[in-house]
Amino acid sequence: MKTEGLSINLATVRQQWKLPEAVAACAKLGIPYVDPWRDQVAAVGLDTAAKAIRDNGLKVSGYCRGGMFPAADAAGRQAAIDDNKRALDEAAALGAECLVLVVGGLPAGTRDIGAARQMVQDGLAAILPHARAVGVPLAIEPLHPMYAGDRACVNTLKQALDMAGQLGDDVGVAIDVYHVWWDPEIETQIARAGREKRILGYHICDWLVPTKDLLLDRGMPGDGVIDLPRFRKLIEAAGYQGPTEIEIFSAQDWWTRPGEEVLKTCIERYSATFA
Ligand code: ZN
């Protein structure tokens, strides 16, 4: 079984364990990286979380998540910027390799997606100096367009790369196959992301058919319709050598199973897909 290069996004076992137990379980199985969520860190306190990760010798492939920039008024947008700066401070304390950004959708009561996208661009520009100061790059994660209304109005890799390009260094992308597998331009855009040296994260799970829940029915790699070996080749060809992060939200299935079974299945599928 292969664990080298594997990261577990801790949302994958969020119902089974608190952060210290989750990272200890990952370390015990030889998994080298984790990606914690802010609420998981807040639940035990930043110092306890950082110590648990350090004591178990784990690396942090990313920190989930910042973003959510659009808001109905200037005060709301400023509050989002301030909150993202706190997220960057936490990411730095945890030693995270990037801050993963779910950029936000439409402010309540609005229909102007172009304006929302501009708010995202402005929000990114506003936090970038802080990201540079604390040494944590920004990873824009394009989300599947079904989330454009409420979670992320950045929906393709091309769009994320265009935004990053306007901002300069220390901004990149998190490529989550769940969100971009359907994109007819994906080959071209992954190659471009590699050329522009902007791949900061690589997240995998699988797309189940039918998907029963818009948010909480992600599949274990190998159980759905995403051609993961092909993605792997594209990512490798683009020069990415960082970790592969398994990230599964699964209210009815994987979240109901024992955490150790989930982690062992992640390792099996990772080994099978990337052998
Ligand atoms: Zn992701």
Side-chain angles (χ1 to χ4, degrees), residues 5-14 22 26 31 33-41 59-69 84 87 91 94 96-105 120 124 136-148 150-157 159-161 163-164 171-183 186 189-190 193 198-208 211 213-221 223-224 226 228 231-232 234-235 238 240 242-251 254-255 262 266 269-270 273:
L6 175 61
S7 178
I8 296 295
N9 185 296
L10 294 183
T12 306
V13 287
R14 70 154 54 251
C26 287
I31 293 163
Y33 292 88
V34 292
D35 180 340
W37 283 64
R38 284 187 85 190
D39 66 302
Q40 295 175 304
V41 169
K59 291 175 278 189
V60 180
S61 56
Y63 187 41
C64 284
R65 59 180 165 49
M68 297 293 169
F69 295 107
N84 273 278
L94 294 166
E97 294 183 3
C98 63
L99 178 67
V100 177
L101 298 170
V102 171
V103 298
V120 171
L124 289 166
V136 177
L138 302 174
I140 306 169
E141 182 166 329
L143 260 55
H144 190 284
M146 68 179 168
Y147 302 116
D150 59 347
R151 286 177 194 277
C153 56
V154 173
N155 307 104
T156 65
L157 186 52
Q159 196 188 353
L161 288 168
M163 278 188 163
V171 186
V173 293
I175 300 175
D176 186 325
V177 299
Y178 190 74
H179 297 300
V180 299
W181 69 277
W182 55 272
D183 183 350
I186 198 65
Q189 295 301 325
I190 288 177
R198 295 209 191 266
I199 306 177
L200 297 175
Y202 172 45
H203 304 172
I204 66 167
C205 63
D206 217 330
W207 185 278
L208 300 176
T211 290
D213 185 290
L214 289 185
L215 188 62
L216 304 178
D217 191 26
R218 296 187 183 203
M220 183 63 71
D223 288 348
I226 301 177
L228 290 165
F231 254 99
R232 178 72 181 186
L234 294 174
I235 294 274
Y240 178 75
T244 299
E245 182 173 320
I246 297 184
E247 180 184 32
I248 299 172
F249 314 151
S250 174
W254 296 101
W255 282 352
V262 176
C266 287
R269 301 298 179 86
Y270 175 70
T273 314

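When reading the values below, keep in mind they use all heavy atoms of this one structure, side chains included, and skip hydrogens, waters and symmetry mates. Just follow the structure's listing: the first ligand is 1, and inside any ligand the first atom is 1. All of these numbers come straight from a predicted model, not from anything done at the bench. Note that the numbering runs from 1 along the sequence shown for the chain.
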(request) Among the N/O/S atoms of His203, select the one at the shortest distance from the Zn ion (ligand 1) and name it. (result) ND1
(message) Could you measure the distance from the OH atom of Tyr178 to the CH2 atom of Trp207? Nearest 0.5 Å is fine.
(response) 4.5 Å
(message) Between Arg65 and Asp39, does any side-chain N to carboxylate O distance fall below 4.0 Å?
(response) no
(message) Suppose we only allow N, O or S atoms; which atom of Asp176 ends up nearest to the Zn ion (ligand 1)?
(response) OD2
(message) Does either side chain, that of Arg218 or that of Thr211, offer a donor lying less than 3.5 Å from an acceptor on the other one?
(response) no
(request) Would you mind naming the N, O or S atom of Glu141 nearest to the Zn ion (ligand 1)? (result) OE2
(request) Using a strict cut-off of less than 4.0 Å between a Lys/Arg side-chain nitrogen and an Asp/Glu carboxylate oxygen, indicate whether Arg269 and Asp223 qualify as a salt bridge. (result) yes
(request) Looking at Glu247, pick out the N, O or S atom nearest to the Zn ion (ligand 1) and give its name. (result) OE1
(message) Under 2.8 Å from the Zn ion (ligand 1) - does any N, O or S atom of Cys64 fall there?
(response) no
(message) Please report the interatomic distance CD1(Ile248) to CG(Leu216), rounded to the nearest 0.5 Å.
(response) 12.5 Å
